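Note sheet for the following structure.
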Number of protein chains: 2
Amino acid sequence: MAIDDDRMEIDRNAGFVGDYLLYLLAAASDAASADFHAHVREQGLRVPEWRILACLCDEDGQMVTQLAQLALMEQSHLTKIVDQMATKGLVKRRSDERDRRRVRVYLTAAGRAIGTGLVEKARVHEMLIVSRLGTTDAARLKAVLKDIHAICRGGDDAASQAPSAPAELEASVS
Amino acid sequence: MAIDDDRMEIDRNAGFVGDYLLYLLAAASDAASADFHAHVREQGLRVPEWRILACLCDEDGQMVTQLAQLALMEQSHLTKIVDQMATKGLVKRRSDERDRRRVRVYLTAAGRAIGTGLVEKARVHEMLIVSRLGTTDAARLKAVLKDIHAICRGGDDAASQAPSAPAELEASVS
DNA sequence: GGGAAAAATATGCGAATTCATATTAATCGC
DNA sequence: GCGATTAATATGAATTCGCATATTTTTCCC
């Protein structure tokens, strides 16, 4: 009956996909990141490089494997990106003193400069989204996203790490 | 001071990244999907193929470009995956009668069978996460994720589609 | 303390993904 | 109706990405 046959947008509220949590997460992540990722690329960086810089700005000298986990990519892939970033002069490797299997990745001065600059822009960009979303909704969202991460990523630290949302407001909205 | 130097997990609550919305979205999406995506691959499908099947189960005979948008991938990539799926006998192409530039993708019987089967499993898997999250939190989460999608993905249908959050505070940031 | 098992990273290769562009069809202006 | 512009999809080359595995160092156990 409804003529969705032509160039109309798909009705995202009908059907399975439009209300499927995993899809909504992926779609929201994509949509929310698109703008900033475009900005990152305009700066001559690729998204994985930005992620690595951001993670290193938080804590410099991380191990390759940890860094890969944190930056949401595979270890072997991270190794290769770190190669390129080292070539570009954004980071440098140094093997750990105590355990020489480990390789730690450090920011160079240039890498830190670019990284902190982008982090600042990311903060601004995030604030834009948060304000459009409503600060309370945004805060709740972040808490739930952390819960999902804790729940789904091995139940290891789920109980201890996520005291934020679960207890918070069990009866506010509808 | 804190000895996170060794094999301790990175403290996700310290630093920028651990509370950055875009990161939390990506990390939650990855973590939540990991299980089910592994299941999909065990069934001999890749994730993009599963996404296409799911989208076609919702609405069969979609255009290539629309389908790519919905399935969160590039058009040229979708074209290639549809090629492979057609070879596997999961879908078939047919060019649109009225506009022969358009190519519509239809499920075969086999494709529909596999698709509906996976959708059922996805429903079960989703329910597992939702129950661990709390149904009210999950419902709120879905609403906010839809808002984000509407807000960030061009303001096209943001006003009409998202009556839940956006009206809240229109005058906070610049 | 010495050899087996495990941990951390790197490497090679094949598949996936993207980018630019070609190709085909429809629409618009005149 | 005809050429120019736009839309929809396909194609090819270049890159990225992921899996399996090699390599190096450490730990474990006897």
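Naming: A, B, ... by sequence-line order, numbering from 1 per chain. Owing to the predicted nature of the structure, the values given are computational and were not obtained by experimental measurement.
Residue-to-nucleotide proximity on DNA chain C shows that, of Gln75(B) and His77(A), the 5′-proximal contact is made by His77(A).
The Asp99(B) side chain lies nearest to dA26(C) when the options are dA26(C), dT11(D), dT9(C). Which of dT25(D), dT18(C), dT16(D) sits closest to the side chain of Arg100(A) comes down to dT25(D). When each of dC17(D), dT9(C), dT18(C) is scored by its nearest atom to the side-chain atoms of Ile81(A), the top-ranked nucleotide is dC17(D). If you check dT11(D), dA6(C), dT16(D) against the side chain of Arg101(A), the one that comes closest is dA6(C). Listed nucleotides dT18(C), dC17(D), dT9(C) differ in distance to Met63(A); the shortest reach to its side chain belongs to dT9(C). Listed nucleotides: dT9(C), dG12(C), dT9(D). Nearest to the side chain of Thr79(A): dT9(C). Listed nucleotides dA10(C), dT16(D), dG12(D) differ in distance to Lys80(B); the shortest reach to its side chain belongs to dG12(D).
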Which atom pairs, donor and acceptor, lie under 3.5 Å between side-chain atoms of residues 50-58 of chain B and protein residues at least two apart or in another chain?
unit_1, atom_1, unit_2, atom_2, d
Asp58(B), OD1, Phe16(A), N, 2.7
Asp58(B), OD2, Phe16(A), N, 3.0
Asp58(B), OD2, Val17(A), N, 2.8

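Separating the CD atom of Glu74(B) from the C1' atom of dT21(C) is a distance of 13 Å, rounded to the nearest angstrom. One interatomic measurement links the two molecules: CD of Gln84(A) to C1' of dC17(D), which rounds to 11 Å at whole-angstrom precision. Look at CG on Leu78(A): it is 14 Å from P on dT11(C), rounded to the nearest Å. Whole-Å rounding puts the Arg98(B) CZ to dA7(D) C1' distance at 18 Å. The CZ atom of Arg41(A) sits 12 Å away from the P atom of dT16(D) (whole-angstrom rounding). Going from atom CD of Glu42(B) over to atom P of dC19(D) covers 13 Å, rounded to whole Å. The CD atom of Gln66(B) sits 9 Å away from the P atom of dA8(D) (whole-angstrom rounding). Atom-to-atom, CE of Met73(A) to C1' of dT17(C) comes out at 16 Å; the value is rounded to the nearest Å.
Test Arg94(A), Arg112(A), Arg104(A), Lys92(A) against Asp60(A) for salt bridge (Lys or Arg N to Asp or Glu O under 4.0 Å) and you get one pass: Arg112(A).
Residues Ala32(A) and His125(A) share a closest heavy-atom pair of O-CE1, 3.5 Å.
The side-chain heavy atoms of Arg46(B) and His37(B), taken from C-beta on, include no pair separated by under 4.5 Å.
A donor-acceptor pair shorter than 3.5 Å cannot be found between the side chains of Thr116(A) and Glu120(A).
In the interface, the side chain of Ser76(A) is not paired with the base of dC17(D) through any donor and acceptor atom under 3.5 Å apart.
Contact annotation: Arg46(B) side-chain N/O to dA16(C) OP1/OP2 distance is under 4.0 Å.
Across all strands, Thr65(A) comes closer than 4.0 Å only to sugar-phosphate atoms, never to a base (heavy-atom distances).
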